[in-house]
Asker: 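I'd like to ask some things about the structure below.
Just so you know, these numbers come straight off a predicted model, no measurement behind them. All ligand and atom numbering here is 1-based and tracks the order in the structure.
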Amino acid sequence: MFNIFKKKKEEVKASQYLPLKVREVVKETADTVTLYFEQPKPFLDYKPGQFLTLVMDFEGKEQRRSYSLCTSPYVDPFPGISVKRVPKGKFSNFLNERVFPGKTINVLKPLGNFTTDFHSKNRKHFFLVAAGSGITPIMGILKSVLVNEPNSKVSLLYCSRNEEQIIFKKELESLVEKNTDRLEVIHNLSQPSEAWTGLKGRVTKETILEFAKKAESEPEFDKEYFACGPEGIMDNVVSILDELGVPSEKVHRESFYSAAADKAHDDAAHGITGGLLTRDVKVILEGEEYAVTVSPDKTILEAGLAQDLNMPYSCQSGLCTACRGRLLSGKVKMDEDAGLSPNEIEAGYVLCCVSHPLTDDVKVTIE
Ligand SMILES: Cc1cc2nc3c(=O)[nH]c(=O)nc-3n(C[C@H](O)[C@H](O)[C@H](O)COP(=O)(O)OP(=O)(O)OC[C@H]3O[C@@H](n4cnc5c(N)ncnc54)[C@H](O)[C@@H]3O)c2cc1C
Ligand code: FES
């Protein structure tokens, strides 16, 4: 009986996967590749800046990682992701070394709020800040603005280590050439060659302030801000824009990595659980209520998955919101909440992948 139940769950899960066939692999830099996929039928429906969740088996266990689409559905015939190697990283190294045209990879449908709506009549100045692989969603947004909004313009501040590490260098040069009056790309290199004459060193608050002030000094344009990169740079961008009085709904941020979630995961693996207790929580999923026992070393998502619940998730780091639920009662502790806006937190939204129950009456609904 149990086996039939489990088999059914696995069939449901598999039916959510979309197999995408790799069409082309482009080496962007020594440690980054772009994988372009054949269009599935029907065509992949996504918004610029959204991400795909890749599902692969490692060490006999299904695992997932999020990768932003670097392409624009308005410009690029084939959807693509760019992947930068992380030392000892499972997915990023596999995708850089072991994937060739013809390989099929299972993904979940595109998700994410790091995007905007476009209108041909808009007159906006898009102020984009990217660092390292953070350029991927920014690239899709940038290309979409240029093609969809003839009266809008884009300024990109792009931080890389050195000239060789600039992902999409040629594509950006070509876009600037074709859109000289609408696209400005400023590179900031932390360790450039001696020949480099542009901005150099670690990107400072002052550099960000200068660009933000420039954008704010043009009242004839509406402004919209997007930042994607390491937490330090993003915190600087957000706090400077806040100081300049930019409304928070105009500021979009996306993180690829959470040191806090990583530490919490590591601590749990070493039995450091900060006084949490084992508690039963109720999870409402697709209209059904389930009782889930959450031990101190597990998050609500991990406990639910261990009980074979088909709960949605992607990054497992509190960043992408794929696992978002709403608390109907009780209190939880989140190891990371960067994926949620202050308004969402206020409204009781929680990220199950980083949440631990603090009371016995936790009930969370996955919407
Ligand atoms: C919404 C979203 C979009 C993303 N888009 C992209 C993208 O477009 N391109 C891209 O390359 N990546 C992207 N990522 C990151 C990606 O999902 C993986 O986290 C990354 O590729 C590392 O996975 P891995 O399996 O190689 O490493 P893992 O096997 O998960 O990790 C190996 C070790 O490296 C550490 N680690 C993992 N990531 C980092 C990091 N960034 N910095 C420092 N240490 C780290 C881990 O804690 C672990 O100790 C995105 C993440 C999110 C949440
Ligand atoms: S799975 Fe990404 S925030 Fe929880």
Asker: Taking only heavy atoms of Cys315 into account, list the atoms of ligand 1 that are under 4.0 Å away from them.
Answerer: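 Going through ligand 1 atom by atom, the ones under 4.0 Å from Cys315 are 53 (C).
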Asker: What do you reckon, is NZ of Lys282 surrounded by more than 12 foreign heavy atoms closer than 6.0 Å?
Answerer: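 Incorrect, the count does not exceed 12.
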Asker: Would you mind checking which non-hydrogen protein atom is closest to atom 32 (C) of ligand 1, with the distance to 0.1 Å?
Answerer: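 Protein heavy atom at minimum distance: Gly89 CA, 3.7 Å.
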Asker: With heavy atoms only and a cut-off of under 4.0 Å, state how Ser82 meets ligand 1: side chain, backbone, both or neither.
Answerer: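 For Ser82, only backbone atoms sit under 4.0 Å from ligand 1.
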Asker: Do Glu163 and Ser193 meet the criterion of a side-chain donor-acceptor pair at a distance under 3.5 Å?
Answerer: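 Yes, a side-chain donor-acceptor pair sits under 3.5 Å.
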Asker: Any chain of hydrophobic side-chain contacts (each under 4.5 Å) joining Ile135 to Phe256?
Answerer: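 The answer is no; the residues belong to distinct hydrophobic clusters.
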Asker: Give a yes or no on whether a salt bridge exists between Asp360 and Arg279, defined as a side-chain N under 4.0 angstrom from a carboxylate O.
Answerer: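 Salt bridge flag = yes for Arg279 with Asp360.
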Asker: How would you list, by chain and number, every residue that makes a ring pair (Phe, Tyr, Trp, His ring centres under 6.0 Å) with Phe226, sequence neighbours excluded?
Answerer: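 Phe226 satisfies ring pair (Phe, Tyr, Trp, His ring centres under 6.0 Å) with Phe114, His252 once adjacent residues are dropped.
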Asker: Which protein non-hydrogen atom lies closest to atom 29 (O) of ligand 1, naming both residue and atom, and how far is it?
Answerer: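 Residue, atom and distance for the closest contact: Lys90 N, 3.0 Å.
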Asker: Considering Tyr257, Phe256, Phe94, which one's heavy-atom position lies nearest to atom 40 (C) of ligand 1?
Answerer: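 Checking each option, the heavy atom nearest atom 40 (C) of ligand 1 is found in Tyr257.
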Asker: Using the test side-chain contact (heavy atoms from CB on, under 4.5 Å), find all partners of Lys84 that sit at least two apart in sequence or belong to another chain.
Answerer: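 For Lys84 the side-chain contact (heavy atoms from CB on, under 4.5 Å) partners, ignoring immediate neighbours, are Asp31, Thr32, Ser133, Gln165.
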Asker: Which bit of Ser255 is near ligand 1, meaning a heavy atom under 4.0 Å away: side chain, backbone, both or neither?
Answerer: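 It is the backbone that touches ligand 1; the side chain stays farther off.
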Asker: Between the side chains of Ser317 and Ser258, is a donor N or O closer than 3.5 angstrom to an acceptor N or O?
Answerer: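 Their side chains do not contain a donor-acceptor pair, so the 3.5 Å distance test is not met.
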Asker: Nearest heavy-atom pair of Tyr349 and Leu340: which atoms, and what distance?
Answerer: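 The answer is O-CD1, 3.4 Å.
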Asker: Taking only heavy atoms of Thr136 into account, list the atoms of ligand 1 that are under 4.0 Å away from them.
Answerer: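 In order of numbering, the contacting atoms are 7 (C), 8 (O).
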Asker: The test is side chain to side chain donor-acceptor pair (under 3.5 Å); show your working for Ser68 and Glu254 and say whether it passes.
Answerer: CA-CA 10 Å; Ser68 304; Glu254 184 88 296; 4.8 Å; no
Asker: Looking only at distance, does Asp262 have an N or O less than 3.5 Å from an N or O of ligand 1?
Answerer: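 Checking ligand 1 against Asp262, an N or O pair does fall under 3.5 Å apart.
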Asker: Is the shortest side-chain N to carboxylate O distance from Lys169 to Glu173 below 4.0 Å?
Answerer: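 Result for this pair is yes, salt bridge flagged.
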Asker: Against heavy atoms of Ser68, which atoms of ligand 1 measure under 4.0 Å?
Answerer: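 In order of number, 3 (C), 4 (C), 5 (N), 6 (C), 7 (C), 8 (O).
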Asker: Among all protein heavy atoms in this structure, tell me which lies nearest to atom 11 (O) of ligand 1, with the distance rounded to 0.1 Å.
Answerer: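 Nearest neighbour among protein heavy atoms for atom 11 (O) of ligand 1, to 0.1 Å: Lys84 N, 2.8 Å.
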Asker: Assess Val83 for proximity to ligand 1: is some non-hydrogen atom of it under 4.0 Å away?
Answerer: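 True for this residue.
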Asker: Among Ser66, Pro87, Ser133, which residue places a heavy atom closest to atom 52 (C) of ligand 1?
Answerer: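 Ranked by closest heavy atom to atom 52 (C) of ligand 1, first place is Ser66.
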Asker: Taking everything shown except Lys124 itself, do over 12 heavy atoms lie less than 6.0 Å from its NZ?
Answerer: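 Atom NZ in Lys124 is crowded, with more than 12 foreign heavy atoms closer than 6.0 Å.
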Asker: Which is it for Tyr67 and ligand 1 at heavy atoms under 4.0 Å: side chain, backbone, both or neither?
Answerer: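 Within the 4.0 Å criterion, Tyr67 contacts ligand 1 through backbone and side-chain atoms alike.
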Asker: Would you say the side chains of Asn343 and Ser341 form a donor-acceptor pair under 3.5 Å?
Answerer: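 No, because no side-chain N or O of Asn343 sits under 3.5 Å from a partner of the opposite role on Ser341.
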Asker: Would you check the N or O atoms of Phe91, main chain and side chain alike, for any that come under 3.5 Å of an N or O of ligand 1?
Answerer: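 N/O-N/O distance below 3.5 Å exists for this pair.
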Asker: What side-chain donor-acceptor pairs closer than 3.5 Å can you find for residues 239-250, not counting sequence neighbours?
Answerer:
| from | atom 1 | to | atom 2 | distance (Å) |
| --- | --- | --- | --- | --- |
| Ser239 | OG | Asp235 | O | 3.4 |
| Ser239 | OG | Asn236 | O | 3.4 |

Asker: Look at atom 28 (P) of ligand 1 and find which of Arg65, Lys88, His265 reaches it with the closest heavy atom.
Answerer: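 Of the listed residues, Arg65 has the closest heavy atom.
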Asker: I want to confirm something. Looking only at heavy atoms, which of Val86, Ile138, Thr32 is nearest to atom 22 (C) of ligand 1?
Answerer: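 The nearest heavy atom belongs to Val86.
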Asker: Tell me the protein heavy atom at minimum distance from atom 26 (O) of ligand 1, and give that distance in Å.
Answerer: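 The answer is Ser92 OG, 2.6 Å.
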Asker: Kindly determine whether Thr71 and Tyr36 satisfy side chain to side chain donor-acceptor pair (under 3.5 Å), including the steps that lead there.
Answerer: CA-CA 9 Å; Thr71 44; Tyr36 291 98; over 6 Å; no
Asker: Which protein residues have a heavy atom under 4.0 Å from ligand 2?
Answerer: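 Heavy-atom contacts below 4.0 Å: Tyr313, Ser314, Cys315, Gln316, Gly318, Leu319, Cys320, Thr321, Cys323, Cys353.
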